[in-house]
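What follows is a short report on a single structure.
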Amino acid sequence: MSSESHIIRPYGDTTGDGMVQLSFTLPMPHSKVAEGAAAQLANKMGMDPAMVVHSKAMGPDFTFFVVYGRVHHVVDTSKVEIVERDYPLLTPKEANAAIKRSLRRRLVVVGGCIGTDAHTVGIDAILNIKGFAGEKGLEYYREVKVVNLGAQVSVPDLVEAARAEKADAVLVSQVVTQRDAHLLNTREMSAAFRESYPADKRPLLVVGGPRFDETMAEELGVDRVFSRGTTPGEVASFIVHRLTTAPPRDRTAS
């Protein structure tokens with residue numbers, strides 16, 4: 001494959017025309033001046049020409065815009081960095097068998113939304129039996145005990161629950177992202193678990209949400225980061241793989 005085949009441009013009306021659509025909000029009332037400001041911002045971001053194709057007042061002091069225009073940037077797909085799945089996808093039957101064979105007890109998962117986050121849709125999609133995207137949640141797995149703490153769980157309460165349940169894995173969902181709250185909360189959580197557990201007895205820490213970057217696991221101090229579109233089977237497979245392929249861990253001191 002030639003190096004040129006890695007280079008791509010955005011597609012709008014015709015292949016390689018560089019046309020993109022961008023949406024944002026400006027803190028000013030809806031007016032012609034606001035539309036001009038939106039076009040100016042888009043120009044400075046590299047869109048030329050930039051056309052304001054939609055604008056709508058968001059209350060008296062804010063305006064939402066959709067801008068359509070051409071960018072001259074290209075993407076080299078050979079330099080894109082992603083986190084490849086490094087574990088096999090297991091069916092619930094295979095996961096149950098692996099847990100029973102390796103742990104000889106039920107695998108314990110504690111989950112919830114930490115901080116002020118009250119959006120439980122994500123964590124419920126992974127944990128609840130109804131699941132997501134046609135897959136059953138972790139409650140469906142016979143060899144998994146699920147403790148769903150729900151919304152707005154404080155970090156100390158999460159650590160306490162993990163200790164009380166002798167959790168093998170802790171799952172945290174973060175949807176609220178204003179001012180990088182999801183990153184701050186995750187760092188606080190990982191620090192709390194490091195302080196509360198010996199390194200070899202700490203449960204797996206798994207976080208997920210629509211604004212997480214999957215490459216940030218090490219930086220955030222967690223074992224895995226999942227982004228939007230993750231299914232219960234992927235999460236279950238990761239946890240089971242990590243806990244059943246590593247040397248058995250003594251949890252009596254947890």
Side-chain angles (χ1 to χ4, degrees), residues 1 3 5-8 10 73-92 94-95 98-99 102 107 109-115 117 119 121-127 131-138 141 144 146 155 158 162 167-178 180-194 197 199-200 202-247 249:
M1 183 179 291
S3 60
S5 64
H6 295 296
I7 306 300
I8 60 173
H73 309 293
V74 297
V75 174
D76 185 347
T77 59
S78 68
K79 296 181 179 179
V80 174
E81 295 183 4
I82 62 172
V83 176
E84 295 281 3
R85 179 168 54 83
D86 55 358
Y87 55 90
L89 285 178
L90 305 174
T91 66
E94 290 169 336
I99 295 168
S102 188
L107 187 155
V109 174
V110 172
C113 303
I114 58 176
D117 203 324
H119 301 77
V121 173
I123 195 69
D124 288 344
I126 301 300
L127 297 182
F132 168 71
E135 294 185 5
K136 300 289 188 182
L138 271 63
Y141 291 67
V144 177
V146 173
V155 169
L158 181 66
D168 296 288
V170 173
L171 272 58
V172 166
S173 172
Q174 290 279 265
V175 176
V176 174
T177 59
Q178 285 87 345
D180 286 338
H182 59 308
L183 303 181
L184 296 173
N185 289 340
T186 300
R187 290 190 178 101
E188 179 187 351
M189 176 197 68
S190 63
F193 274 93
R194 284 197 302 271
Y197 282 84
D200 61 337
R202 177 179 60 79
L204 285 180
L205 299 180
V206 180
V207 298
R211 292 277 299 277
F212 277 107
D213 181 344
E214 292 186 334
T215 66
M216 293 182 67
E218 184 176 354
E219 178 184 339
L220 295 175
V222 298
D223 296 285
R224 190 79 179 194
V225 173
F226 288 106
S227 60
R228 66 186 184 282
T230 300
T231 64
E234 290 175 299
V235 177
S237 295
F238 168 74
I239 293 172
V240 171
H241 176 74
R242 285 290 298 269
L243 291 175
T244 61
T245 59
R249 298 192 296 176

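Small disclaimer: the values here were computed from a predicted structure and weren't measured.
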Non-neighbouring partners of [X] that pass side chain to side chain donor-acceptor pair (under 3.5 Å), sequence neighbours left out:
X    : result
D180 : none
T77  : none
N185 : Q174

Side chain to side chain contact (heavy atoms under 4.5 Å, CB included) involving [X] - partner list, sequence neighbours excluded:
X    : value
R187 : L183, M216, E219, L220
E234 : Y87, L89, T230, T231
A125 : F132
S227 : E214

What residues form a salt bridge (Lys or Arg N to Asp or Glu O under 4.0 Å) with [X], not counting sequence neighbours?
X    : answer
E188 : none
R85  : none
D223 : R202, R242

Student check: side-chain heavy atoms of [X] and [Y] closer than 4.5 Å:
X    : Y    : value
H241 : P88  : yes
I239 : D168 : no
D213 : V225 : no
Y141 : V146 : no
R224 : V83  : yes

task = Please list, chain by chain and in numerical order, all residues satisfying ring pair (Phe, Tyr, Trp, His ring centres under 6.0 Å) with F212, sequence neighbours excluded.
result = H182
key: Shortest non-hydrogen contact from G131 toward P232   = CA-CG, 4.2 Å
